[in-house]
Amino acid sequence: MRTWRDVIIQKLENQQNRLLLVNDPDYLLNDEIILRRLREYQYEVVHFNDSILVRYLYESQWRDKIEQNEVKLLAFSNEEDRECFPFDFLRAGFHIRLKISDLFPKFSPSVIKYLDKEDFDALFFAHKQYQGSCSDRETLEYIVKHVYKIAYEFIDNKAELYKLLLSVHYEKKQLPTIVQQFLSDQLSGQSVFADIPVKHLLTSSAYFFQYIERQWAQFIEQLTELKEGSILEESPLYLAHPFSNSDVRRLMNDLFAEGYIRKVKITSSCSFPTWMKHGIEVDEEGVMSEKIRYLRDKIVAQLTSASRYKDWLTIMEWLGEYKCTVLDIGKGELESEVHTLFQEVNKKFEEWMLESYRSLTSLPPVPKPKMVHHIPQFLASKRGQNEKIALLVLDGMGYVQWRKMKHHLVSQGFSFEENGVFAWVPTLTSVSRQALFSGFMPSAFSQNLDTTAKEERYWKAFWENNGLLKQYVSYQKGLGKEVYKKEGIAAFKRPTIKVYGAVIDMIDQLIHGAVQGEKSLMLELQLWLDTGYLAQLLRDLHREKFTVYITSDHGNTESVGIGRVSEGVLVEQKGERVRIYNNPLLLNDALGKMSGISWSGVGLPEDYHALLAPYGQAFVNKNERIVSHGGISIEEVIVPFVKVIPRLGGS
């Protein structure tokens, strides 16, 4: 069956010119499947968002190969005007403009441009059946019903509203702003929802999870106050409440199991229905074991069909909660099960990385960042005129540590809007963290890939290039090891600071000192969290009106040594999970001496060749157990990117 992607590919695949320049103002190329297919046609694809960088890559890597017919280059821009490309590019290349109206001529383009490309498969099919006009109103009504499958005219009670909100936020449907506004307009006018902040609940997952958690706590409290001896399931309160709806109950159980909302602590001896016990805190080991089994089954089921980057983000979220829970309850007999599951996941993830990671580098940083170097670009695109931004980079923090931190910070009065991003490979601080602060792929700072000395300069240069003078930008590293003092935080030293970038080194320090592996890492992390350093920093940043984000440059994984290899000066950099060579012959020679993965070098300088240790292994003394980074395990590559939000009314 012909798809919308086929329409796009058909415009590009048979061009004779080896330099294609594409204006894509509607972000139609923001799709990893299209980018993967273009690479099958021997295209190198680059997002033309920085003319200096693209010029450098063109001259250093692509010009000769294009002239020798070894490669084709497709450079695309999200600008409307073809003049965004250099004159010599336009003279030498072939120009194409992609328009959303070519795909969906019967729909209003001003509506369709707001939709996520993930929805285009359903939209393309629905378009064939559409008989209405191309007005905004008719287009919007049709796609809400036939693409998003929301029968809004039948949502006339709280249970139906809860079902809609739970499915949207739990399944991360990312309803476009225009659809959110339409639904808000349709639902807010109903008297039954007069006391419900429908718009906020639709537009913010963090706000929704806070709201639903409070509603749950109130429901439990009201039930415990019923007359002793009464049957809860037969009470009018129970029967009329939206939580008693079977579909709502099922979705609520998922939220508790995956840690989206907190359970309620009770002291009453009240006997609750079985389904409600998922949301009540009890000291029963069986409840935790059930959660572990639930998460494992979810991961295994998702793994069978994982093919897109978003699939792996979801899997990593579940893996983080799964392992964090196992480590918290300390059940040693589960170690073998955990090891087997992570081996299974990483076997498939490694295959995906080798085949598809390259496509991520060509995706734009909006509507959400996909890679760490997208983060400053995303922040710049979202930042309001006078908005103050703080980006806290917790060096080395993986998803397992994040889940531990999240549970602690929730108890301290914070909520979060969570996403995941991909680190740069090799997952070294000097590679991935510099990419994060500079907004560039590593090939743009090829002379400094073994140091982070110029990180502050890159951070300030990025914001200056985006219209913010250096005196309004601050950078600080080495945080977290000292006792917290507000006067020691650079963001507060001058009232003119608009953008603050900070590196909190504590987790990286704990990683390299974790002689007992992940168990000791998590214990030390809890001790650090208990000092209150991070929670107090977040509170002070919020008080000073900063919008706060937390992320990491790379994660970490536990590995066992396979033995050291002595290569002297032949190896440029000797990491525990990666070894760097400046010559492909030296890399190939090393592959003959030790097991490893030859990394493709996407986004890296041409003289930077990485040999990655296989999952669970490290280039250290035989049988030595370490926690480290540098490779392409899912724990090292996928890291959190989180917006921090104060909870409603405190903790």
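Predicted, not measured: the structure shown is a model, and the values here were computed from it.
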Candidate pair V7 and D102, rule side-chain contact (heavy atoms from CB on, under 4.5 Å), full reasoning: CA-CA 9 Å; V7 177; D102 292 338; 5.6 Å; no
More than 12 heavy atoms from other groups under 6.0 Å of NZ on K128: yes
Residues that K370 engages under salt bridge (charged side-chain N to carboxylate O under 4.0 Å, His left out), provided they are two or more places apart: none
Exercise: identify the closest heavy-atom pair between Y500 and F546: CB-CE2, 4.1 Å
4.5 Å side-chain heavy-atom contact, Y27 and V366: yes
Qualifying residues under side chain to side chain contact (heavy atoms under 4.5 Å, CB included), relative to D297, sequence neighbours excluded: none
pair K406-R403: side-chain heavy atoms closer than 4.5 Å: yes
Check: L363 main-chain N/O paired with N30 side-chain donor or acceptor under 3.5 Å: no
Beyond-backbone contact of P364 with Q377, side-chain heavy atoms, under 4.5 angstrom: no
Residue list, side chain to side chain contact (heavy atoms under 4.5 Å, CB included) with D311, at least two apart or on another chain: Q302, A306, S307, R308
F422 and F349 aromatic ring geometry - parallel, tilted or perpendicular at 30°/60° bounds: parallel
From CA spacing to verdict: salt bridge (Lys or Arg N to Asp or Glu O under 4.0 Å), K163, E160: CA-CA 5 Å; K163 283 165 59 176; E160 292 301 317; 3.3 Å; yes
Any residue meeting ring-ring contact (aromatic ring centres under 6.0 Å, His included) with Y130, in chain and number order, not counting sequence neighbours: F107, Y142
Flag for Y294-N253: side-chain donor and acceptor within less than 3.5 Å: no
Full working for salt bridge (Lys or Arg N to Asp or Glu O under 4.0 Å) between R5 and D121: CA-CA 9 Å; R5 294 183 181 89; D121 291 314; 3.0 Å; yes
Chi angles and distances behind the side-chain hydrogen bond (donor to acceptor under 3.5 Å, both in side chains) call for E213, Y260: CA-CA 9 Å; E213 184 180 278; Y260 282 98; over 6 Å; no
Which residues share a ring-ring contact (aromatic ring centres under 6.0 Å, His included) with F641, sequence neighbours left out: F378, Y549
Distance flag, aromatic centroids of Y207 and H200, threshold under 6.0 Å: yes
Pair T203-Q180, side-chain donor/acceptor within less than 3.5 Å: no
For E221, all residues meeting side chain to side chain contact (heavy atoms under 4.5 Å, CB included), sequence neighbours excluded: E225
Test item: side-chain donor near acceptor, D6 and T3, under 3.5 Å: yes
Y472 atom OH, neighbour heavy-atom count above 12 within 6.0 Å: no
Qualifying residues under ring-ring contact (aromatic ring centres under 6.0 Å, His included), relative to F193, sequence neighbours excluded: none
Q190 CD: over 12 foreign heavy atoms closer than 6.0 Å: yes
Atom of E32, atom of K310 and distance for their closest heavy-atom approach: OE2-N, 4.4 Å
Contact summary for N466 and A380, nearest pair of heavy atoms: OD1-CB, 3.9 Å
Atom of K382, atom of P367 and distance for their closest heavy-atom approach: CE-O, 4.1 Å
Enclosure of K199 NZ (heavy-atom neighbours >12, cutoff 6.0 Å): no
Side chain to side chain, Q215 and Y211, heavy atoms closer than 4.5 Å: yes
Set of residues satisfying ring-ring contact (aromatic ring centres under 6.0 Å, His included) with respect to F492, sequence neighbours excluded: none
Side-chain donor or acceptor of K404 paired with backbone N/O of M522 under 3.5 Å: no
Any residue meeting salt bridge (charged side-chain N to carboxylate O under 4.0 Å, His left out) with E317, in chain and number order, not counting sequence neighbours: K172
For V147 against D119, the heavy-atom pair lying closest together: CG1-O, 4.1 Å
Side chains of Y162 and I212 in contact at under 4.5 Å (non-hydrogen atoms): yes
Gap separating the CG atom of D24 from the CG atom of L28, nearest 0.5 angstrom: 5.0 Å
Residues in salt bridge (charged side-chain N to carboxylate O under 4.0 Å, His left out) contact with E153, at least two apart in sequence or another chain: K145
Y114 atom OH: more than 12 heavy-atom contacts under 6.0 Å: no
Salt bridge (Lys or Arg N to Asp or Glu O under 4.0 Å) assessment of E544 paired with K486: CA-CA 11 Å; E544 298 295 332; K486 184 176 179 180; 3.0 Å; yes
Residue pair V639 / W402, side-chain heavy-atom distance below 4.5 Å: no
Non-hydrogen side-chain atoms of Y309 and W312 separated by less than 4.5 Å: no
Residues which pass side chain to side chain contact (heavy atoms under 4.5 Å, CB included) with A217, listed by chain and number, not counting sequence neighbours: V264
Any side-chain heavy-atom pair of R539 and H542 under 4.5 Å: no
Residues that K158 engages under salt bridge (charged side-chain N to carboxylate O under 4.0 Å, His left out), provided they are two or more places apart: D195
